[in-house]
Amino acid sequence: MQGVKKQHLPSKICPVCNRPFAWRKKWEKNWDQIIYCGEKCRRSK
């Protein structure tokens, strides 16, 4: 993912808040398992 512009990063839709969220460096190794945009949405499944 190095050298990719922010507008070209992969994104997903959060099933709780229905907002799109983009790929982050800390999610690099497990992007396929990421479902929620943040801790608040994960807790309020």
Side-chain angles (χ1 to χ4, degrees):
M1 284 288 170
Q2 192 169 7
V4 177
K5 293 186 178 182
K6 287 184 181 181
Q7 63 208 29
H8 298 297
L9 291 175
S11 64
K12 294 183 180 182
I13 303 292
C14 178
V16 176
C17 64
N18 292 319
R19 293 183 183 171
F21 62 98
W23 181 91
R24 293 185 188 172
K25 179 69 174 171
K26 68 180 182 177
W27 294 335
E28 182 175 25
K29 293 181 178 149
N30 59 352
W31 175 244
D32 294 332
Q33 287 95 25
I34 301 297
I35 300 171
Y36 305 104
C37 63
E39 191 65 29
K40 185 177 179 182
C41 285
R42 189 181 68 77
R43 279 194 230 122
S44 65
K45 303 179 202 183

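Everything numeric in this text was worked out from a predicted model, so none of it was measured. Values below: all heavy atoms of this structure, side chains included; hydrogens, waters and symmetry mates excluded.
Judged as a salt bridge (charged side-chain N to carboxylate O under 4.0 Å, His left out), the pairs with a partner in residues 10-27 (not counting sequence neighbours) are, in order, Lys25-Glu28.
Note that the OG atom of Ser11 and the CZ atom of Phe21 stand 8.5 Å from one another [nearest 0.5 Å].
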Cut-off 3.5 Å, no hydrogens considered: what does the side-chain donor-acceptor table look like for residues 32-44, sequence neighbours left out?
residue : atom : partner : partner atom : Å
Glu39   : OE2  : Arg42   : NE           : 3.4
Glu39   : OE2  : Arg42   : NH2          : 2.4
Ser44   : OG   : Lys40   : O            : 3.1

